[in-house]
Amino acid sequence: MALRHLMSPLDLSVAETEKLLDLANDMEQHKEQYAHICDGKRLATLFYEPSTRTRLSFEAAMMNLGGKCLGFPSSDVSSVSKGESVADTIRVVSCYADICAMRHPKEGAPLVASMKSSIPIINAGDGGHQHPTQTLTDMLTIRNLKGRLDHLKIGLCGDLKFGRTVHSLIASLSRYEGIEFVLISPEELRLPGYVTAGMRKKGISYQEVVQLGAETMKDLDILYMTRVQKERFFNEEDYIRMKDFYILDKEKLDSAPKDMYVLHPLPRVNEIAVDVDQDPRAQYFTQVQNGVYVRMALILTLLDLEGK
Ligand code: NCD
């Protein structure tokens with residue numbers, strides 16, 4: 001099979017995405033059948049930016065498949081701190097591993113790596129741009145909860161400007177029929193113009209609102225909350241002013257539809273109060289679990305080992 005990378009969720013067609021989600025569901029059901037499929041294979045995790053879930057779920061995924069992991073969790077413990085380029089690092093890592101997940105604060109860095117790599121590169125988040133594996137996680141969670149990925153009204157709330165998970169989720173869901181987005185953000189954190197322009201071009205229905213109230217939530221199928229992306233702000237005062245703009249608490253959720261699920265890529269800061277966690281509509285920890293299965297499915301897909 002030709003070398004394949006995953007930079008954006010659009011690198012997988014709708015059919016391939018659905019197949020990958022089916023595989024993830026099958027893995028959840030039949031864990032033991034996949035326990036040795038990657039025996040002898042190695043995953044490198046190159047994380048130039050902090051992470052808990054994404055890095056550990058990639059590593060757990062590879063271990064669940066019988067493979068091994070190597071890598072670094074931050075740039076200051078690798079030769080990056082000596083000035084090595086991403087292009088050189090990936091040439092080196094290609095000699096040690098069969099597949100690589102890379103997170104980087106600069107938009108496009110994993111793409112640069114993919115151009116020099118002889119192994120599949122997975123974009124595990126590049127700056128405020130894309131986060132395709134979080135999107136696969138979100139899609140699996142939505143499909144399992146709602147039974148479909150079409151004809152859904154999705155509220156996206158918080159930092160829509162810098163939130164890469166939102167950009168990737170919109171790109172992927174926009175390929176399905178009957179998707180409507182309600183974009184809930186302060187004026188300063190609205191979606192970047194290139195994302196809304198793309199939605200208009202495709203004829204995707206969306207509205208932009210500031211308030212997260214009963215009126216906004218009244219016919220949502222999913223409310224996708226996000227954290228204000230502190231690390232992407234130019235000055236701290238702006239962050240402090242914005243950070244608690246939205247707080248979804250129990251009282252607010254009581255005014256929302258009974259079948260409106262709440263998702264969040266995590267980590268949360270204050271935007272979802274802990275008293276919401278007990279509500280059956282709160283599904284962000286289910287997302288975490290699903291993240292392992294989709295990454296297992298993705299590793300097999302890119303290594304061309306599915307069905308082996
Ligand atoms: C997200 C990210 O890194 O973009 N986290 C994650 O991978 N689950 C969301 C965030 O950091 O806010």
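Counting starts at 1 for both ligands and their atoms, in listed order. Note: hydrogens, waters and symmetry copies are ignored here, and every other heavy atom, side chains too, is used.
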- Query: Are Arg164 and Glu49 close enough for a salt bridge, meaning some N to O gap below 4.0 Å?
  - Reply: yes
- Message: Test of understanding: with side-chain contact (heavy atoms from CB on, under 4.5 Å), list the residues that count as partners of Lys31, not counting sequence neighbours.
- Response: Tyr293
- Message: Using a 4.0 Å cutoff against the non-hydrogen atoms of Thr54, which atoms of ligand 1 qualify?
- Response: 6 (C), 7 (O)
- Query: Which one of Gln229, Arg53, His131 has a non-hydrogen atom at the shortest distance from atom 7 (O) of ligand 1?
  - Reply: His131
- Message: Test your reading of the structure: does Pro265 have an N or O sitting under 3.5 Å from an N or O of ligand 1?
- Response: yes
- Does the N or O separation between Glu231 and ligand 1 drop below 3.5 Å for any pair? no
- Message: Testing the 3.5 Å rule here: is there a donor-acceptor pair between the side chains of Ser57 and Arg295?
- Response: yes
- Message: Between Asp98 and Arg42 (salt bridge meaning N to carboxylate O under 4.0 Å), is one present in this structure?
- Response: no
- Decide, yes or no, whether a salt bridge links Arg241 with Glu188 under the criterion of side-chain N to carboxylate O below 4.0 Å. yes
- Hey, which atoms in ligand 1 end up nearer than 4.0 Å to a heavy atom of Pro267? 10 (C), 11 (O)
- Message: Quick test: of every protein heavy atom, which one is nearest to atom 3 (O) of ligand 1, and how far off is it to 0.1 Å?
- Response: Arg164 NH2, 2.9 Å
- Message: Is the contact between Leu266 and ligand 1 made by the side chain, the backbone, both, or neither, using heavy atoms and a 4.0 Å cut-off?
- Response: backbone
- Task: May I ask you to say whether Glu271 pairs ionically with Arg268, meaning some side-chain N is under 4.0 Å from a carboxylate O?
- Result: no
- Item | Protein contact to atom 11 (O) of ligand 1 [nearest heavy atom, distance to 0.1 Å] | Arg227 NH2, 2.8 Å
- Query: Quick one: does Arg103 get an N or O within less than 3.5 Å of an N or O on ligand 1?
  - Reply: yes
- Query: Are any of the side-chain nitrogens in Arg281 or Asp279 under 4.0 Å away from the carboxylate oxygens of its partner?
  - Reply: yes
